[in-house]
Amino acid sequence: SINPKTKIYLCHCIPARATQWEISDSVISSYTNPCIDDLAKANNLPLIDMYEVMKPHMELLFDSIHPNPVGTKIMASAIADRLRKDGVVK
């Protein structure tokens, strides 16, 4: 069974620097992330906007889609900041 104190967060997909494996920034921004918005709203779940977090760091997407180690640190920091802000972690 699920611990009733468990808190689920949703995250937006990060931007894509170029189309790769049929993944494109236009699909992410016009379809995928709006679907995540709807899911978060429908289930009253907090949302972390990783799209905006990574938008200024497109050069850190080593294959145009996935972040390199520096990019993952930026993402992890944004998630940790949000969890601290919400009082989930100290």
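Since this is a predicted model, take the numbers as computed values, not measurements. What's counted below: heavy atoms across the whole structure, side chains too, no hydrogens, waters or symmetry copies.
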*Quick one: do Ile74 and Ile28 end up in the same hydrophobic cluster if we chain Ile, Leu, Val, Met, Phe, Trp and Tyr together by side-chain heavy atoms under 4.5 Å apart?*
no
*Same cluster for Met50 and Leu83 if Ile/Leu/Val/Met/Phe/Trp/Tyr side chains link at under 4.5 Å?*
yes
*Looking only at non-hydrogen atoms, find the nearest pair between Pro67 and Thr72 and report the distance.*
CG-CG2, 3.7 Å
*Please round to the nearest 0.5 Å and tell me the distance separating atom CZ of Arg17 and atom CG of Asp25.*
11.5 Å
*Mind checking the CG-CG spacing from Asp38 to Asn43? Nearest 0.5 Å is all I need.*
10.5 Å
*Taking all atoms of both residues into account, what is the closest heavy-atom pair of Thr19 and Ser24, and its distance?*
OG1-CB, 3.4 Å
*asked:* For residues Leu61 and Val70: do they belong to one hydrophobic cluster (side chain heavy atoms under 4.5 Å, members Ile, Leu, Val, Met, Phe, Trp, Tyr)?
replied: yes
_Using the rule given for salt bridge (charged side-chain N to carboxylate O under 4.0 Å, His left out), can you reason through Asp86 versus Arg82, listing the C-alpha separation, both sets of side-chain angles and the distance that settles it, and then say yes or no?_
CA-CA 6 Å; Asp86 291 357; Arg82 176 62 185 272; 3.0 Å; yes
*Taking Asn33 for the side chain and Cys13 for the main chain, is one N or O donor matched with an acceptor at less than 3.5 Å?*
yes
*For the hydrophobic clusters of this structure (ILVMFWY residues joined by side-chain heavy atoms under 4.5 Å, transitively), does one cluster hold both Met54 and Ile48?*
yes
_Nearest non-hydrogen partners of Val53 and Pro56, listed with the distance_ = O-CD, 3.4 Å
_Minimum heavy-atom distance between Met75 and Ile14, given as atom pair plus value_ = CE-CG2, 3.7 Å
*Indicate the atoms forming the closest heavy-atom contact of Trp21 with His66, along with that distance.*
CZ3-CE1, 3.8 Å
_For a quick test of reading the model, state the closest non-hydrogen atom pair linking Ile65 to Ala18 and the distance between them._
CD1-O, 3.8 Å
